[in-house]
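Below is one structure, written out as structure tokens; the observations come after it.
Note that ligands are numbered from 1 as they come in the structure, with each ligand's atoms numbered from 1 the same way. Note that this is a predicted model, so its numbers are computed, not measured.
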Amino acid sequence: MPLAFSSILAQGARARPNRRLRISEKGRSFRDGVLQRSETGLHRLENRALNDNSVPPSPRRRVKVTLRGMDLLRNPMLNKGTAFSAEERQLFGLEGLLPVRSKNQKQQAERIYAQLKDQPDDLQKYVMLTALLNRNVHLFYRVLADHLEELIPIVYTPTVGTAVQRFSRVFQGGGGVWITPDMKGRMADVLANATRRREIRLLVVTDNESILGLGDQGAGGMAISVGKLALYTAAAGIHPLQALPVSLDFGTDNEELLADDQYLGWPTRRLRGAEYMELVDEFVEAVAAVMPKALIQWEDFRKDNALRILDRFVDRVPSFNDDIQGTGAVVVAGLNGALKIKRETMAEQRIVIFGAGAAGLGVARQIRAQLAEEGLGHDECVARIAVLDRHGLLVDDGRIMDPYKRELTWPAELAASHGLSDRHARGLHDVVRKYRPTILIGVSGVGGAFTEEIVREMAAHVERPVIFPSSNPISSCEANPADLFAWTGGRCLVAAGSPFPDVEWQGKRFKIGQGNNVFIFPGLGLGALASRARRITNGMTTVASKTLAREVTDAERDAGLLFPPIGRLRSVSYSIAVAVARQAVADGVAEIREEDVEAEVRAAMWTPEYPEYEPA
Ligand code: NAD
């Protein structure tokens, strides 16, 4: 089931003013466990490193609390469980409500981790972590931070995929906000229901149609939004109460769900066309009215809607599409790592992108931005990137109607100049043979598409072929990194979309970097929020990509990594956030000063250490 943030939210919202829950600390105030604005208009959240010391620390918080007894234990944002000290138990009416011995957060986290290890499978681990999140937010994020590399595949892909599919079967309560067609005309009121007494700064919004590799998953897509927000908090310290997961539940075309009596979503076919866009328009207007400082991350929309929505709202509200821009930024960061090893520029490459969907477009756009920066003109940029879809190389021969695909096509003359005029002979093998790419990127979702024959062909013409089989999950990955080493005689530079084990090659062990968007969106989002960016500029995504590339150390590169290890995610996200916020200032879309950037980013980061409580 989805990580039920909404239960936390619901509990926050349920706390009425007459319960007098008010928490405050120097220069800041919280109400109902929610930070209120300080006089400078900024949210000031503590900032301490989780499992690395590259994010500067700040002093421990002391907060005033008026909740007592079971009310306190049942508030997941305030509950410390067995970590309440003897003194706090006395002060807050908790005596007898907990086992007698207090444990600190580290001991609690060790106990939870041992319990996790005992779970029979990943879905059960997911369910257990969900339950933990619903009763103790700090402890959930402590455990996640301590075992980030191990637990990201549980709270997010691939395990979250199973949770999405089983959503209506295992539903245990809330999970964010579902917007349905019957809310037309009242969406602002509906959003206001979900946001009482807290300021939402970040929404992850999906319409559930293109979930991971699973397609249309109806209302269950909520688990994706929830999982992404968990990563935002774990990786970039976004305060859990500032984040809102949203599912635009405008129906589903998933026959199985429609036929299922237990299905919990809007039980009709998907709305399309003008009807669909009117609802999205109203949703965005409602967000702008009810949460004027919120950033929207669009997530897992079908490609045509993803592109239309991104373009439609990019100048109206701070927003970005992770599947397009996040993927572009992460893949290009990995490419730049490889180019550093090759001591070459992007402009010197011939690049093949296999897959012309949202990810392929995002990667192509980001590469083109770099090519232009390196001084190439339009035609040269076009000639450097060949994009293929299921019908082969995209060539502008009058057949391609999709405007976004047209953006990726080669002119017919260019195809002819490479001997690729025959549309029946423009498959991947043909293109590799005739165009001789130096870089091959897989974003097709076609498992095993980079065959031995194709890879050997590529390697015959390039000293260090760069090959990124980026599709997820592992079964959809275009090639296994170990095979790529074997087929290229160990000359390839590889990063994959999914985690892969190290590769042993001629007595040396190589690590395989994971080109996962999780390296980009938390830092990009944090930088945008900390700088209070009015929009996400191309410069901001580009600088996120460049900063990620720079974060790989020489030692990591020597070990084969083109991305940092996931264990360093928190400090990487911090560096990206600082760079993004600076870029927002430079692009004139920020509301902070350049000299305040680092302080603003640090101040915007929440950490899961328990504050000390004293009665209000
Ligand atoms: P999409 O459905 O929008 O696009 C898929 C594209 O692949 C389409 O253009 C389709 O024509 C093409 N395709 C399908 N079968 C093909 C074939 N046999 N030959 C050539 N092309 C074919 O999906 P998307 O959102 O672009 O995602 C594509 C893949 O990229 C997924 O597997 C996804 O997991 C992966 N992805 C990875 C990352 C990452 O960070 N590593 C990020 C985003 C997406």
Would you confirm whether D396, through its side chain, and W410, through its main-chain N or O, come within 3.5 Å as a donor-acceptor pair?
->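 Not confirmed, D396 side chain does not pair with W410 backbone.
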Where the side chain of S573 meets the backbone of L569, is there a donor-acceptor pair that is under 3.5 Å apart?
->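 The answer is yes, because a donor-acceptor pair under 3.5 Å joins these two groups.
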So, are R436 and E457 salt-bridged, with charged N and O less than 4.0 Å apart?
->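 Salt bridge absent between R436 and E457.
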Looking at residues at least two apart in the chain, or sitting in another chain, which of them share a side chain to side chain donor-acceptor pair (under 3.5 Å) with Q165?
-> none
Anything with a heavy atom under 4.0 Å from ligand 1 counts, so go ahead and list those protein residues by chain and number.
->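 Within 4.0 Å of ligand 1, protein side: K303, T327, F354, G355, A356, G357, A358, A359, D389, R390, V443, S444, G445, V446, S470, S471, N472, G497, G515, N516, N517.
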S545: partners by side-chain contact (heavy atoms from CB on, under 4.5 Å), with sequence neighbours left out |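 Listed in chain order: A329, V332, A333.
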Partner residues of R272 under the side-chain contact (heavy atoms from CB on, under 4.5 Å) criterion, sequence neighbours left out =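 Checked R272 against side-chain contact (heavy atoms from CB on, under 4.5 Å); matches are E209, D253, R270, R302, N305.
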